[in-house]
2 protein chains.
Amino acid sequence: MIKQHILVTVDNVIFTVIQDRLEVLLVKRDIEPFKNQWSIPWWFVLETEDCEVAAYRELREKTNVKDVYLEQLYTFSDVKRDSRGRVITVAYMALVTRENIVINAWSYTSEAKFFPVNSLPKLGFDHKKIIEYAIQRLQWKMEYTNVSQYILPNKFTLSELQKVYEIVLNKTFDVRNFRKKIDSLHIIKPTGEKEIGVQYRPAKLYKFINKKIDIVEIL
Amino acid sequence: MIKQHILVTVDNVIFTVIQDRLEVLLVKRDIEPFKNQWSIPWWFVLETEDCEVAAYRELREKTNVKDVYLEQLYTFSDVKRDSRGRVITVAYMALVTRENIVINAWSYTSEAKFFPVNSLPKLGFDHKKIIEYAIQRLQWKMEYTNVSQYILPNKFTLSELQKVYEIVLNKTFDVRNFRKKIDSLHIIKPTGEKEIGVQYRPAKLYKFINKKIDIVEIL
DNA sequence: CTAATAGTGTCTCTGAGACACTATCTA
DNA sequence: TAGATAGTGTCTCAGAGACACTATTAG
């Protein structure tokens, strides 16, 4: 074998949509190294787990997740990305629904909160680059697959669905064209229920037909 | 810091199109471990280089490459993917033109040759999975970008261009529709030259306008 | 003139996008 | 009945795909 000392971490870019904004979870560590610095949550990969398992573990440590979408993004390996030594990171992107956003308290960080992607604080490491990469991938996935179900609540209105697309892709769509398109894809079905407690005409509630992520060329 | 012993390698899936077939470079090692076993070329990442640099180094060691396309695919990290210990690999895909296929002799392998992707020998590690993943990515890139230029010679005929698409995507296209589409994308230009030494009407030669990989939605 | 490949135009159908009004609910 | 959002159809234009013949070269 070879002599090689490279440490391996997983970084999780955890997205959600809250209050008409795309947000990402950041943590502030209260112990060294990187004390008082915001970053995306990361941890070392254990020798007994593959990277995906490590990413799930990290994710569960921070949020109450049931149905979460997790996808490997890219491996960042700049020699100088971590001043302490050689550390490469396998970056993952996670999508959580508003319902699942219960941030757990946990040991090595003093704070954790969601930040809107267009007003992020200064970030440590190469985390800005990683988040930008993640946003691009998310946009691509939104346009070509049915992943949006992992951001929406289980039952949702067509307006909510459209809103999520508009927020993530950062553009607007014509109501009629959007509905026509979604209808033609056969990816959602009506639940028969309606919104309750709203002060206007209540909208019909829909749910996704298939949990599996398919290529559907949404928009 | 943490105690962690994980070795990091890069694996290169090197594609080319020769004799109307999509082929991939495999090596057979003549030293242990994995003696006499075919695999895709791989090597350990040095502590002083990032993964992409390692992949380029590996590539240059095996082929005479000038203009090569290299893209990170995915990081494979199954705990048991290497029986000797914990080894994760960052897989890359490379595209080389027929002109560049000069396989160098080198130290740790006894043999290296291109195999058609649809008749591969038995492979070590999880390399079958890696090649399948690479083929999918290549097909996607061919459909949505102008990467095909890294498989074709500098000057090529429209028939050769179409052939490359047909081979990689494993389907056929109508001549007129194919040309109409390519024409509408403005990604190639005529050189003014023609084929020479052929026993039929010589075809016009074209070249790609832009070396940069763009999203163009070819087919 | 034969063999082999290069090269070219039209029609149909589907889907994207522009666009405005009526329906239903609460207070 | 006012305020707020839900929900719906048509037309135009562009691009995908089906389809068959003529042009050019070497020998």
Side-chain angles (χ1 to χ4, degrees), chain A residues 17 19-20 139-140 142-146 152-153 155-167 169-207 214-219, chain B residues 17 19-20 139-140 142-146 152-153 155-167 169-207 214-219:
Chain A
V17 171
Q19 290 166 347
D20 294 353
Q139 289 178 334
W140 187 87
M142 288 282 285
E143 286 195 88
Y144 293 101
T145 74
N146 55 353
L152 285 157
K155 295 169 186 175
F156 53 88
T157 68
L158 292 176
S159 299
E160 287 175 314
L161 180 65
Q162 182 172 345
K163 202 73 184 242
V164 164
Y165 276 96
E166 292 183 334
I167 291 164
L169 300 177
N170 200 26
K171 52 180 153 176
T172 57
F173 298 100
D174 175 82
V175 193
R176 285 159 293 185
N177 293 340
F178 183 84
R179 288 171 186 228
K180 222 188 319 168
K181 178 72 200 201
I182 294 294
D183 192 53
S184 75
L185 295 170
H186 306 295
I187 54 173
I188 63 173
K189 62 180 178 202
T191 61
E193 301 164 72
K194 288 186 177 187
E195 277 183 303
I196 45 170
V198 290
Q199 300 188 336
Y200 46 80
R201 175 175 176 181
K204 288 185 198 156
L205 292 171
Y206 291 80
K207 60 188 339 185
D214 288 319
I215 303 284
V216 289
E217 309 233 353
I218 308 259
L219 300 165
Chain B
V17 171
Q19 292 167 345
D20 294 353
Q139 289 178 335
W140 187 88
M142 288 282 284
E143 285 195 89
Y144 292 102
T145 76
N146 54 352
L152 285 157
K155 295 168 186 176
F156 53 87
T157 68
L158 293 175
S159 300
E160 287 175 314
L161 181 65
Q162 182 172 345
K163 200 74 183 240
V164 164
Y165 276 96
E166 292 182 334
I167 291 164
L169 299 176
N170 200 26
K171 53 179 152 176
T172 57
F173 299 100
D174 175 82
V175 193
R176 284 159 296 185
N177 294 339
F178 183 83
R179 288 172 185 226
K180 222 187 318 168
K181 179 71 200 198
I182 293 294
D183 192 52
S184 76
L185 295 170
H186 307 295
I187 53 173
I188 62 172
K189 62 180 178 202
T191 61
E193 299 164 72
K194 287 186 178 188
E195 277 184 304
I196 46 169
V198 291
Q199 301 188 336
Y200 47 80
R201 175 175 174 179
K204 287 186 197 154
L205 293 171
Y206 291 81
K207 60 188 339 184
D214 289 318
I215 303 283
V216 288
E217 309 234 352
I218 308 260
L219 299 166

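First the proteins, then the strands, lettered A, B, ... as listed; each starts at 1.
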At under 4.0 Å between heavy atoms, which parts of nucleotides 20-27 of chain C does protein reach? Answer with one letter per nucleotide, 5' to 3': B base, S sugar-phosphate only, - none. B--BBBSS

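- Judged by atom type and distance alone, K180(A) reaches the base of dG17(C) through a side-chain donor-acceptor pair under 3.5 Å.
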Acceptor/donor pairs from residues 193-201 of chain A side chains to any protein atom, 3.5 angstrom cut, sequence neighbours excluded:
unit_1: E193(A); atom_1: OE1; unit_2: K155(A); atom_2: NZ; d: 3.3
unit_1: E193(A); atom_1: OE2; unit_2: K155(A); atom_2: NZ; d: 2.8
unit_1: E195(A); atom_1: OE1; unit_2: A203(A); atom_2: N; d: 3.0

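- Interatomic distance, L161(B) CG to I218(B) CD1, rounded to the nearest 0.5 Å: 7.5 Å.
- Atoms CD1 (I196(B)) and C1' (dT5(C)) sit 17 Å apart, rounded to a whole Å.
- Between the CG atom of L161(B) and the P atom of dA6(C) there is a distance of 12 Å, rounded to whole Å.
- If you take CD on E160(B) and CG on L205(B), they are separated by 7.5 Å, rounding to the nearest 0.5 Å.
- Residues of residues 183-192 of chain B that place a heavy atom closer than 4.0 Å to DNA chain D do not occur.
- Summary for the helix from dC1(C)-dG27(D) to dA27(C)-dT1(D): the axes at its two ends, each from 5 pairs, differ by 0° when rounded to the nearest 10 degrees.
- Atoms CZ (R179(A)) and P (dG15(C)) sit 21 Å apart, rounded to a whole Å.
- Taking the salt bridge (charged side-chain N to carboxylate O under 4.0 Å, His left out) definition, one finds that D214(B) meets it with K212(B), sequence neighbours left out.
- Between dA6(C) and S159(B), a contact under 4.0 Å exists linking OP1 or OP2 to a side-chain N or O.
- Not counting sequence neighbours, Q139(A) has no partner by the side-chain hydrogen bond (donor to acceptor under 3.5 Å, both in side chains) test.
- A distance of 9.0 Å separates CG in N146(A) from CD1 in I215(A), rounded to the nearest 0.5 Å.
- Following rounding to the nearest Å, E143(A) (CD) and dA16(C) (P) show an atom-to-atom distance of 13 Å.
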Stepwise, does the side chain to side chain contact (heavy atoms under 4.5 Å, CB included) test hold for F156(A) with I188(A)? CA-CA 10 Å; F156(A) 53 88; I188(A) 63 173; 3.8 Å; yes

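- Looking at every heavy atom in both residues, F173(A) comes nearest to K171(A) through CZ-CG, 3.9 Å.
- The side-chain contact (heavy atoms from CB on, under 4.5 Å) check on K207(B) picks up N154(B), K189(B), T191(B), with sequence neighbours excluded.
- If you take NZ of K163(A) and C1' of dT5(D), they are 11 Å apart, rounded to a whole angstrom.
- Contact check, K181(B) against dA16(D): a side-chain N or O comes under 4.0 Å of OP1 or OP2.
- Residues that satisfy the ring-ring contact (aromatic ring centres under 6.0 Å, His included) test with Y165(A), not counting sequence neighbours, are F178(A).
- Side-chain proximity of A203(A) to the nucleotides dA16(C), dG7(D), dC19(C) is greatest for dG7(D).
- Atoms CD1 (I182(B)) and P (dG7(C)) sit 14 Å apart, rounded to a whole Å.
- Taking atom CG of residue N177(A) and atom C1' of nucleotide dT8(D), one finds them 12 Å apart after rounding to whole Å.
- Scored by the side-chain contact (heavy atoms from CB on, under 4.5 Å) test, N177(A) finds D174(A), K180(A) as partners (sequence neighbours excluded).
- The distance from atom CD of E195(A) to atom P of dA4(D) is 16 Å, rounded to the nearest whole Å.
- Partners of K163(B) by salt bridge (charged side-chain N to carboxylate O under 4.0 Å, His left out), not counting sequence neighbours, listed by chain and number: D20(B).
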